[in-house]
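Written out below as structure tokens is the structure these notes cover.
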Amino acid sequence: MKNFGRMAIIGSGPSAVYLLKSILQNSQVLRPTLKEITVFEKNAELGVGMPYSRQTTDKYNMCNISSAEIPSLQQTLVEWLRSLSAEHLASYGLQASDIDADET
């Protein structure tokens, strides 16, 4: 594998988020060759873009993405919350007893 060392991602919309997720999932393979990732974003908010930005679409098209296009999560919100330490949960104002799959 070629050693690129550094990568630049232009824009931080949904495609960039999915790209970063894929890189993370393959981090064991990429670690020897990829040392730095820089994301360039001209707007103040990350993770928004077509179709989620008011700059690129109107309010009637804010949700024009099929759920089939969204990759599955590696763990649920409840699983993630349950994996956090008591101190970390406290930083969110939570205790382990507050975590309920039916109310999260």
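Along the sequence shown, residues carry numbers from 1.
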First locate atom [atom1] of [X], then atom [atom2] of [Y], and finally report the distance between them rounded to the nearest 0.5 Å.
X: Ser15; Y: Ile9; atom1: OG; atom2: CD1; result: 10.5 Å
X: Ser22; Y: Leu20; atom1: OG; atom2: CG; result: 9.5 Å
X: Leu81; Y: Asp100; atom1: CG; atom2: CG; result: 11.5 Å
X: Asn43; Y: Ser12; atom1: CG; atom2: OG; result: 7.5 Å

**OP:** Indicate if Leu30 and Val17 have the same hydrophobic cluster label, given that clusters are the connected sets of ILVMFWY residues with side-chain heavy-atom separations under 4.5 angstrom.
**Re:** no

According to side chain to side chain contact (heavy atoms under 4.5 Å, CB included), who are the partners of [X], at least two apart in sequence or on a separate chain?
X: Gln28; value: Arg31
X: Thr38; value: Glu36, Phe40
X: Thr76; value: Val78, Glu79
X: Gln74; value: Lys21, Gln25

Original post:
Under 3.5 Å, is there a donor-acceptor pair between the side chain of Gln95 and the main chain of Ser97?
Top reply: no

Subject >> Main-chain N/O of Leu94 paired with Asp98 side-chain donor or acceptor, under 3.5 Å >> reply: no

**OP:** List the atom of Met7, the atom of Ile23, and the distance in Å for their closest heavy-atom pair.
**Re:** SD-CD1, 3.7 Å

Original post:
What closest approach, in Å, do Gly11 and Val39 show between heavy atoms, and which atom pair accounts for it?
Top reply: O-CG1, 3.8 Å

Subject >> Co-members of the apolar cluster containing Leu24 [side chain, <4.5 Å] >> reply: none

Subject >> Under the ring-ring contact (aromatic ring centres under 6.0 Å, His included) test, residues paired with Tyr92 that sit two or more places apart >> reply: His88

